[in-house]
There are 2 protein chains.
Amino acid sequence: MSDEASDLQEAVARFVRVFGLHQPDRTPCGTPVPTSEAHALGELAHEGELRQVELVQRLRLEKSTTSRIVTQLVRRGWAERSAAPDDGRGVLVRLTPQGHQAAQNLAAARRARFGAALERIPAGERDAVLRALALLTEAVDEP
Amino acid sequence: MSDEASDLQEAVARFVRVFGLHQPDRTPCGTPVPTSEAHALGELAHEGELRQVELVQRLRLEKSTTSRIVTQLVRRGWAERSAAPDDGRGVLVRLTPQGHQAAQNLAAARRARFGAALERIPAGERDAVLRALALLTEAVDEP
DNA sequence: GGACATGGTTCGACCATACAACCATCTGGT
DNA sequence: ACCAGATGGTTGTATGGTCGAACCATGTCC
């Protein structure tokens with residue numbers, strides 16, 4: 001009595017636990033940075049600077065939550081807020097040099113963890129795993 | 001400059017956000033049950049009853065956290081604690097009839113969400129996605 | 001210019017986790 | 001039989017996390 005939906009649900013649940021996605025105060029890759037800040041840092045490092053509202057959309061969080069995260073980043077000296085040039089309401093968030101450094105450290109830690117995981121996956125399967133994950137993300141995304 | 005480890009990391013990050021794994025007080029499938037309780041409920045429903053220490057291992061949480069979760073379940077009338085028959089220290093956690101009912105409701109919600117997702121995945125790929133997820137979980141598991 | 005939408009901040013309520021201290025019980029060695 | 005150490009649980013403390021509502025400023029559209 002195990003349809004595919006149940007199997008998928010169970011697989012996701014196991015992944016979440018095994019990968020340690022529970023811990024809010026530590027990235028699954030071991031760095032002592034809160035996960036939400038790590039997500040934001042990743043996006044900012046990718047783009048250099050971002051409107052706060054852009055961050056809201058990418059992180060899929062409420063604007064209140066995003067505001068608080070940005071405040072944390074600023075407090076750490078990793079980001080700066082400035083007025084958006086084209087919209088008096090908006091806020092532009094930009095990474096500081098230390099922020100870029102922190103992002104690089106995080107990226108290195110991630111690469112270490114995921115690199116090790118990849119090595120435990122048969123080389124021929126790696127592409128398939130990546131594609132499958134993307135496919136699943138797409139499918140699970142709500143309209 | 002995009003190695004596979006980075007791609008994988010990004011894919012996981014996107015999945016986490018898109019699937020809404022952030023929300024602690026709501027299951028990603030829409031039911032108003034805290035996610036940690038949902039995990040515990042799932043394991044208990046699967047086994048009927050479980051030693052609390054078993055739950056610790058399956059959920060990959062600290063014993064203190066697990067203890068609190070069980071207390072919540074008890075408070076909701078979904079589980080009962082009793083002394084373990086073979087070990088004076090141990091606690092046996094058993095689902096009540098209402099607990100089983102709650103577990104079934106959760107399972108139905110999950111099935112709805114994951115079933116819909118599966119339908120958006122080409123039929124020929126579904127097995128591959130499941131296998132890939134299992135493979136990834138295995139690979140990401142720390143020794 | 002007034003109604004409504006959009007971008008942000010702050011506040012309150014709730015949930016999640018770990019670690020340490022503490023207690024009870026079990027186990028193994030002497 | 002006894003004591004030391006391991007194991008199972010509970011409670012307290014400190015962090016971190018998310019949302020939704022209330023409130024303000026600025027933009028937009030008619």
Side-chain angles (χ1 to χ4, degrees), chain A residues 13 16-28 30-41 49-76 79-94, chain B residues 13 16-28 30-41 49-76 79-94:
Chain A
V16 167
R17 293 178 208 167
V18 164
F19 190 46
L21 251 24
H22 287 315
Q23 253 111 309
D25 62 338
R26 203 182 277 116
T27 223
T31 46
V33 177
T35 59
S36 66
E37 292 179 40
H39 278 268
L41 209 51
E49 68 182 19
L50 230 39
R51 280 289 303 273
Q52 197 166 300
V53 66
E54 246 308 285
L55 216 43
V56 165
Q57 289 157 9
R58 297 196 183 203
L59 302 181
R60 308 240 181 169
L61 295 171
E62 279 300 312
K63 55 185 184 175
S64 59
T65 306
T66 307
S67 174
R68 204 179 58 73
I69 291 174
V70 171
T71 299
Q72 292 289 337
L73 294 181
V74 169
R75 194 167 300 165
R76 287 186 200 267
E80 291 170 336
R81 273 193 247 245
S82 57
D86 55 338
D87 190 330
R89 302 165 296 181
V91 164
L92 206 57
V93 184
R94 190 197 325 256
Chain B
V16 167
R17 295 179 207 168
V18 164
F19 191 47
L21 250 26
H22 287 315
Q23 253 110 309
D25 61 339
R26 203 182 277 117
T27 220
T31 46
V33 177
T35 57
S36 66
E37 292 179 40
H39 278 268
L41 208 52
E49 68 182 20
L50 229 40
R51 281 289 303 274
Q52 198 165 299
V53 65
E54 246 307 287
L55 216 42
V56 166
Q57 289 156 10
R58 297 196 184 205
L59 301 181
R60 308 238 180 171
L61 295 171
E62 278 300 310
K63 55 186 183 175
S64 60
T65 305
T66 306
S67 174
R68 275 185 249 275
I69 292 174
V70 171
T71 299
Q72 290 291 333
L73 294 180
V74 170
R75 194 167 300 167
R76 287 186 201 267
E80 291 169 338
R81 273 193 247 244
S82 57
D86 55 338
D87 190 329
R89 301 164 297 178
V91 165
L92 206 58
V93 184
R94 190 194 327 254

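A note on names: the letters A, B, ... follow the listed sequences, proteins ahead of strands, and every chain is numbered from 1. None of the values given here were measured: they were computed from a predicted structure.
- Comparing atom distances between the A:H22 side chain and each of C:dT17, D:dG9, D:dT26 picks out C:dT17 as nearest.
- Between A:R51 and C:dG8 there is a side-chain polar atom (N or O) within less than 4.0 angstrom of OP1 or OP2.
- Look at CD on B:Q57: it is 14 Å from C1' on D:dG9, rounded to the nearest Å.
- Regarding B:D25, its CG atom lies at a distance of 7 Å from the P atom of C:dC15, rounded to whole Å.
- Residue A:R68 places at least one side-chain N or O under 4.0 Å from the OP1 or OP2 atom of D:dG17.
- Under 3.5 Å, the side chain of B:S67 and the base of D:dG9 form no donor-acceptor pair of N or O atoms.
- Counting atom types as modelled, B:S64 pairs a side-chain N or O with a base atom of C:dC19 as donor and acceptor under 3.5 Å.
- Rounding to whole angstrom units, CZ of residue B:R26 and P of C:dC15 are separated by 12 Å.
- What separates CG of B:L21 from C1' of C:dC15 is a distance of 15 Å, to the nearest Å.
- Comparing B:I69 and A:V56 against DNA chain C, the residue whose closest nucleotide sits nearer the 5' end is A:V56.
- One finds no side-chain N or O of B:Q23 lying less than 4.0 angstrom from the OP1 or OP2 phosphate oxygen of C:dC14.
- When each of C:dA16, D:dG16, D:dT26 is scored by its nearest atom to the side-chain atoms of A:P34, the top-ranked nucleotide is D:dG16.
- Listed here is the closest heavy atom pair of B:V16 and B:H22: CG1-CE1, 4.3 Å.
- Distance, B:R17 CZ to D:dC19 P: 13 Å, rounded to whole Å.
- Residue B:S36 has a polar side-chain atom (N or O) positioned under 4.0 Å from OP1 or OP2 of C:dA16.
- As a whole-Å value, the separation of B:Q72 CD from D:dT10 P is 13 Å.
- Shortest non-hydrogen contact noted between B:L55 and B:L50 is CD1-CD2, 3.8 Å.
- Considering all non-hydrogen atoms of both residues, B:R26 and B:T31 come closest at CG-O, 3.6 Å.
- Whole-Å rounding puts the A:E62 CD to C:dC15 C1' distance at 17 Å.
- The nearest whole Å value for the distance from the CD atom in B:E54 to the P atom in D:dG8 is 10 Å.
- At a threshold of 4.5 Å between non-hydrogen side-chain atoms, the residues B:V93 and B:E49 do not count as touching.
- Listed pair B:R81 / D:dT10 meets the phosphate criterion, a side-chain N or O lying under 4.0 Å from OP1 or OP2.
- Between B:E37 and B:K63, the residue anchored nearer the 5' end of DNA chain C, judged by the nucleotide with its closest heavy atom, is B:E37.
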For this session: Please lay out, stage by stage, how A:R17 and B:H39 fare under the test side-chain hydrogen bond (donor to acceptor under 3.5 Å, both in side chains).
Result: CA-CA 9 Å; A:R17 293 178 208 167; B:H39 278 268; 2.9 Å; yes

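- Among the nucleotides C:dT9, C:dA18, D:dT7, the one closest to any side-chain atom of B:R89 is D:dT7.
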